[in-house]
Amino acid sequence: ENEGVSAQNRSIVKMAKAEPVEKKSTGKKAAVVGKSGKKLTGFMKFSKEKRETVKAENEGITFGQIGKKLGELWRGLDDDEKAKYNN
């Protein structure tokens with residue numbers, strides 16, 4: 001039945017036929033993650049929240065200028081305000 005089929009293809013077929021494994025819960029809270037699957041930093045959470053406001057307040061601003069402005073705003077926050085985004 002498997003004549004002429006490479007070992008790699010046979011293992012792929014075996015994996016496809018295998019029963020799905022149920023994942024166990026670790027009991028940990030789910031982290032906020034971005035599209036890449038990595039946990040978002042406090043700055044990234046801040047940026048997501050403030051980006052539209054910065055764009056609206058600065059008509060015609062470029063993408064790079066938005067990032068620069070967000071960085072300035074982030075650096076201007078005190079530690080208590082940053083903690084809100086870092087948790």
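Counting from 1, the numbers follow the sequence of the chain as shown. Every heavy atom of this structure was used, including side-chain atoms; hydrogens, water molecules and symmetry mates were not.
Note that OG1 of Thr53 is 10.5 Å distant from CG of Asn58, once rounded to the nearest 0.5 Å. Rounded to the nearest 0.5 angstrom, Glu52 CD and Lys50 NZ are separated by 12.5 Å. Considering NZ of Lys68 and CG of Leu70, their distance stands at 13.0 Å, rounded to 0.5 Å. Rounded to the nearest 0.5 Å, atoms NZ (Lys38) and CE (Met44) are 11.5 Å apart.
The number of heavy atoms from other shown groups lying within 6.0 Å of CG (Asp79) does not exceed 12. Sparse packing is recorded around NZ of Lys69, with 12 or fewer heavy atoms of other residues, nucleotides or ligands lying under 6.0 Å away.
Ile66 approaches Arg51 most closely through the heavy-atom pair CG2-NH1, 3.3 Å.
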**Item:** Stepwise side-chain contact (heavy atoms from CB on, under 4.5 Å) check, Lys48 with Leu40
**Value:** CA-CA 10 Å; Lys48 281 180 71 172; Leu40 293 179; 4.0 Å; yes
| request: With side-chain contact (heavy atoms from CB on, under 4.5 Å) as the test, would you mind laying out the steps for Arg75 and Phe43 before giving the verdict? | output: CA-CA 10 Å; Arg75 286 186 294 275; Phe43 174 70; over 6 Å; no
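Taking the ring-ring contact (aromatic ring centres under 6.0 Å, His included) definition, one finds that Tyr85 meets it with Phe46, sequence neighbours left out.
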